[in-house]
Amino acid sequence: MVTTLLLTLAAAVAALGRGADAQCPTAADLRPANGTRLCALLYADNSPYYDQCCAGDALEVPPDSDVPYVPRGWAGRASSLVVGTKCQLTVWSRSAKRGNSKTFSAGTEPRLQEVRRGLFGNWNDAIRAYYCTCK
């Protein structure tokens, strides 16, 4: 009986832990395993729950990235983003740096669908070009 209860409790804690793994990093956390600095991270998934945003595939954006065409498979896919400390990310809604643009300062945007783009749109799945710089 006690063993079954412990196994059930362990499964519940593991299920709760999965949401914590997807929590957005802070701007200061943007350092990959090799220790080099990142300008930004773009994430493919978000969630109605803020603690589960910044999930799925992640695109690492190094400092001084000038990308008029996002890498294959990333056009119109970013749903969350984090910009590093002392960095600035400018994005465009059309490739070749055309269309609407938006500049994000250091910090986290867990749900790009809450960031307005134009009169009726939002930035969820809309990024097709970017430029990122750090001081």
Do [X] and [Y] share a hydrophobic cluster (ILVMFWY, side-chain heavy atoms under 4.5 Å, transitive)?
| X | Y | answer |
| --- | --- | --- |
| Tyr131 | Leu41 | no |
| Val61 | Val115 | yes |
| Leu81 | Val70 | yes |

Between atom [atom1] of [X] and atom [atom2] of [Y], what is the distance when rounded to the nearest 0.5 Å?
| X | Y | atom1 | atom2 | value |
| --- | --- | --- | --- | --- |
| Lys135 | Cys87 | NZ | SG | 10.0 Å |
| Tyr69 | Tyr130 | OH | OH | 14.0 Å |
| Ile127 | Leu59 | CD1 | CG | 9.5 Å |
| Ser93 | Lys102 | OG | NZ | 13.0 Å |
| Tyr50 | Gln23 | OH | CD | 13.5 Å |
| Asn46 | Asp125 | CG | CG | 8.0 Å |

Please check if the side chain of Thr108 supplies one atom and the backbone of Pro110 the other of a donor-acceptor pair under 3.5 Å.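 No: the side chain of Thr108 does not pair with the backbone of Pro110.
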To check you understand the geometry: which heavy-atom pair defines the closest contact between [X] and [Y], and what is its length?
| X | Y | answer |
| --- | --- | --- |
| Asn122 | Gln113 | CB-O, 3.4 Å |
| Ser101 | Trp123 | C-CZ2, 3.8 Å |
| Val83 | Gln88 | CG1-N, 4.0 Å |
| Gly76 | Arg128 | CA-NH1, 3.4 Å |
| Leu42 | Ala78 | CB-CB, 4.2 Å |

When you check the side-chain N and O atoms of Asp45 and Ser80, is any donor under 3.5 Å from an acceptor?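 Their side chains do not contain a donor-acceptor pair, so the 3.5 Å distance test is not met.
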Might you work through the side-chain contact (heavy atoms from CB on, under 4.5 Å) test for Ser79 and Asn124, ending with a clear yes or no? CA-CA 5 Å; Ser79 294; Asn124 187 49; 2.8 Å; yes
State which residue, out of Leu38, Thr36, Thr85, fulfils the side-chain contact (heavy atoms from CB on, under 4.5 Å) condition with Leu30.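 Of the listed residues Leu38, Thr36, Thr85, the side-chain contact (heavy atoms from CB on, under 4.5 Å) partner of Leu30 is Leu38.
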By the definition side-chain contact (heavy atoms from CB on, under 4.5 Å), identify the one residue from Thr90, Asp64, Val91, Leu89 that meets it with Cys132.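 Going through Thr90, Asp64, Val91, Leu89 one by one, the side-chain contact (heavy atoms from CB on, under 4.5 Å) with Cys132 is satisfied by Leu89 alone.
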Sort and list the pairs that fulfil salt bridge (Lys or Arg N to Asp or Glu O under 4.0 Å) and have at least one residue in residues 66-77, not counting sequence neighbours.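 Every pair satisfying salt bridge (Lys or Arg N to Asp or Glu O under 4.0 Å) with a residue in residues 66-77: Asp57-Arg77, Asp66-Lys97.
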So, Cys39 with Cys134, SGs under 2.5 angstrom?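 Cys39 does not pair with Cys134 as a disulfide (SG atoms not under 2.5 Å apart), so no.
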Pairwise side-chain contact, Pro25 with Tyr43, heavy-atom cut-off 4.5 Å (strictly under):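 They are in side-chain contact.
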Does atom CZ of Phe104 have more than 12 heavy-atom neighbours from other groups under 6.0 Å away?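 Atom CZ in Phe104 is packed in, count exceeds 12.
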